[in-house]
K.L.:
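The structure follows.
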Amino acid sequence: MRNDQTNLHDLPPAELESIVGAVVSPPFRVKQIEEWTHVRGAASFDAMTNLPKDLRADLAARFSVAFPDVVERTEPASDGSQKYLFVLDDGNRIESVYMPMGERTSICLSSQAGCAVGCTFCVTGFFGAGRNLTPGEMLGQFFTIQREHGVPMERMNVVFMGMGEPLLNMEHLETTLDVLYRNVAPKRITVSTSGIIPGIDELAQLDRRPNLAISINAPDRKRREEIMPITKKYPLEELIASLKRYPTEHGREITVEYVLLAGYNDAASDAAALARLIRGLRAKVNAIPFNADPNLPGWMKRPTDAAIDRFVDTLVKNGVAVTVRRSKGREIAAACGQLRGKKEAPRHRRAT
Ligand code: SAH
Ligand code: SF4
């Protein structure tokens, strides 16, 4: 339901305390409300059961604690993954993915309803720019899925690899991270970017930093400009320099994502070039075989398993650690990072 009340889920912890503290006393009540909101992800004031009834009613008259509604969830795939479709107040639709991974569980979040970056291999990019998600909309994806599966917080990983470019939604991303840190350690959270250099530098300045994943996707500037036009704005050489500035303390590594396109960037020589490009970075490569979609250019194909193996082996021979995202969520056509908010109205034209 749409309303104009301040949604407490959109506020950073300190701001929530000051806004609620202005109308609620004593201070321990304010703490309780902050806990219910940010630690337990309450989606109504009535859920805040240790607050007096009249206080709950008073809060509901002043504020909201709303999350987006789930409109669809797929059946679990063979690996247990499930895709969630949420509807936002303005009718936009976004997707998230639940991915159980043994001891740990990852939730893949969307940061924007659409994406203006326009990578040519990406369905979200194909559908065009949308709007920035609010903190409450990002946190709603997290808490709704975590709660539905009863995942203990200490087992949670969070990845911002769904729809949108998180570093073009910096202010809301930072608020969302501050709230997530109440439950999930920074080293368990990964933000994936197409290479927005000012955003990378801003993340690098934070006291508590998430892990960084960078979608490199091509071994040289020319090809990266072809499939990721953002490279013209933020050149590859400068991007690599910004990655070298990103602190990787406590054995942390940067994840280099590389979408494998058959006959385009999957040759052994491309693997060797990629290894040279990222030399000196404390990084591991995550090779992602391209997932086809009718909206994407017909020449883009997933490489054969043999080509994928050759690419991976060449990286390993060149001293690069590599993992392959072979099938997580493929059965539900929801490889995280190529979501599109199925059923959404054709194209959003609002700038990010
Ligand atoms: N905008 C951010 C995060 C979302 S995209 C970014 O670009 O990093 C997350 C990942 O999905 C990126 O690494 C992207 O390269 C990958 N991806 C997008 N479309 C894909 C496709 N069709 N097949 C395989 N991976 C894809
Ligand atoms: Fe946007 Fe990432 Fe898709 Fe590129 S790959 S269009 S940055 S969501």
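Atoms within a ligand are numbered from 1 in the order they appear, just like the ligands themselves.
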K.L.:
Considering residues, nucleotides and ligands other than Arg40, do more than 12 of their heavy atoms fall under 6.0 Å from its CZ?
P.N.:
no
K.L.:
Can you establish whether the number of heavy atoms outside Lys187 located under 6.0 Å from its atom NZ is more than 12?
P.N.:
no
K.L.:
Can you check which of Ala292, Ser192, Ala287, Gly164 brings a heavy atom nearest to atom 1 (N) of ligand 1?
P.N.:
Gly164
K.L.:
Which of the numbered atoms in ligand 1 are under 4.0 angstrom from any heavy atom belonging to Ser194?
P.N.:
6 (C), 7 (O), 8 (O)
K.L.:
Go through ligand 1 atom by atom and flag the ones less than 4.0 Å from a non-hydrogen atom of Thr193.
P.N.:
6 (C), 8 (O)
K.L.:
Using a 4.0 Å heavy-atom threshold (strictly under), name the region of Glu257 that reaches ligand 1: side chain, backbone, both or neither.
P.N.:
side chain
K.L.:
Could you please spell out the steps behind the side-chain contact (heavy atoms from CB on, under 4.5 Å) verdict for Leu88 and Arg131?
P.N.:
CA-CA 11 Å; Leu88 310 181; Arg131 67 164 172 86; 3.3 Å; yes
K.L.:
Show me which atoms of ligand 2 lie under 4.0 Å from any heavy atom of Gly118.
P.N.:
6 (S)
K.L.:
With a 4.0 Å cut-off on N to O distance, would you call Lys53 and Asp46 a salt bridge?
P.N.:
no
K.L.:
So if I count the atoms of ligand 1 from 1 in the order they appear, which ones are less than 4.0 Å from some heavy atom of Asn217?
P.N.:
15 (O)
K.L.:
Under the ring-ring contact (aromatic ring centres under 6.0 Å, His included) criterion, do Trp299 and Tyr264 qualify, and how do the steps go?
P.N.:
CA-CA 10 Å; Trp299 67 263; Tyr264 183 74; 5.2 Å; yes
K.L.:
Sequence neighbours excluded, which residues qualify as side-chain contact (heavy atoms from CB on, under 4.5 Å) partners of Ala241?
P.N.:
Arg245
K.L.:
Within the 4.0 Å heavy-atom shell around Cys122, which atoms of ligand 2 are there?
P.N.:
3 (Fe), 5 (S), 6 (S), 8 (S)
K.L.:
Hey, is there an N, O or S on Cys115 sitting under 2.8 Å from atom 3 (Fe) of ligand 2?
P.N.:
no
K.L.:
As an exercise, identify every atom of ligand 2 less than 4.0 angstrom from a heavy atom of Ser194.
P.N.:
7 (S)
K.L.:
If I take every N, O or S atom of Cys119, is at least one of them less than 2.8 Å from atom 4 (Fe) of ligand 2?
P.N.:
yes
K.L.:
For atom 2 (Fe) of ligand 2, which candidate among Gly125, Gly164, Pro166 holds the nearest heavy atom?
P.N.:
Gly164
K.L.:
Relative to atom 16 (C) of ligand 1, which among Ile216, Leu260, Val259 owns the nearest non-hydrogen atom?
P.N.:
Val259
K.L.:
When Phe311 is tested against each of Leu274, Val324, Val316 for side-chain contact (heavy atoms from CB on, under 4.5 Å), which residue passes?
P.N.:
Leu274
K.L.:
Near Glu171 CD, under 6.0 Å, is it more than 12 heavy atoms from other residues, nucleotides or ligands?
P.N.:
no
K.L.:
So which atom in Leu133 and which in Met138 form the shortest heavy-atom distance, rounded to 0.1 Å?
P.N.:
O-CE, 3.5 Å
K.L.:
What atoms of ligand 1 come within less than 4.0 Å of a heavy atom belonging to Glu165?
P.N.:
1 (N), 2 (C)
K.L.:
Same cluster for Met156 and Val39 if Ile/Leu/Val/Met/Phe/Trp/Tyr side chains link at under 4.5 Å?
P.N.:
no
K.L.:
I need the atoms of ligand 1 closer than 4.0 Å to a non-hydrogen atom of Met161, numbered in the order shown.
P.N.:
4 (C), 9 (C)
K.L.:
Against heavy atoms of Phe290, which atoms of ligand 1 measure under 4.0 Å?
P.N.:
21 (C), 22 (N), 23 (N), 24 (C)
K.L.:
According to a hydrophobic-cluster definition based on side-chain heavy atoms being under 4.5 Å apart (Ile, Leu, Val, Met, Phe, Trp, Tyr only), do Ile197 and Leu206 belong together?
P.N.:
yes
K.L.:
May I ask you to check whether Cys122 has an N/O atom sitting below 3.5 Å from an N/O atom of ligand 1?
P.N.:
no
K.L.:
For ligand 1, which atoms have a heavy atom of Gly162 less than 4.0 angstrom away?
P.N.:
4 (C)
